[in-house]
Amino acid sequence: MKISRKWAKIGRILFGTGATGWSITGVLYLVYLHAAVRAYPPLPEPAWIDVLWIGFSVWMGIGLWIRLWHCRCPHCAGWSAPPWPWSEDAVRFCPRCGTRLEYDDT
């Protein structure tokens, strides 16, 4: 039994893009707050900030769920299978049961 690199890559990309978007949304919110403090009359809070914040949170959650569900050790079903090694020659072992982890390149 092997761990699929495809799911590891998909989970990492989804979580990374979600975290980046979440951070950018936070910066946009801080820019809005800076402008709202200086404006008279006060500016209403735009609803799209909340929509983006929730959307990127869900996006990160999907990436984390894929990582936890599809990238676990096939021998002990532990939730702690490490991500795929960057080099093809690297050998990884499950920290829970100690068996060698093999990765499927398909």
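In this chain, numbering begins with 1 at the start of the sequence shown.
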If you define the side chain from C-beta out and look only at heavy atoms, does anything of Trp48 sit under 4.5 Å from Leu52?
yes
Results of side chain to side chain contact (heavy atoms under 4.5 Å, CB included) for Ile66 - residues two or more places apart only:
Trp7, Ile10, Leu14, Ile62, His70
Can you measure from CD1 (Ile54) to CD1 (Ile49) and round to the nearest 0.5 angstrom?
12.0 Å
Which heavy atom of Gly18 sits nearest a heavy atom of Met60, and at what distance?
C-CG, 3.3 Å
For a quick test of reading the model, state the closest non-hydrogen atom pair linking Pro46 to Tyr32 and the distance between them.
CD-CE1, 3.6 Å
Going by side chain to side chain contact (heavy atoms under 4.5 Å, CB included), name the residues that satisfy it together with Ser57, two or more places apart in sequence or in a different chain.
Trp22, Trp53
Of the non-hydrogen atoms in His75 and Arg100, which two are nearest, and what is the gap between them?
NE2-O, 3.8 Å
Of Val27, Thr25, Leu33, which meets side-chain contact (heavy atoms from CB on, under 4.5 Å) against Tyr29?
Leu33
Contacts of Thr17 that satisfy side chain to side chain donor-acceptor pair (under 3.5 Å) - sequence neighbours left out:
Trp59
Cluster check Val51, Val58: I/L/V/M/F/W/Y, side chain < 4.5 angstrom:
no
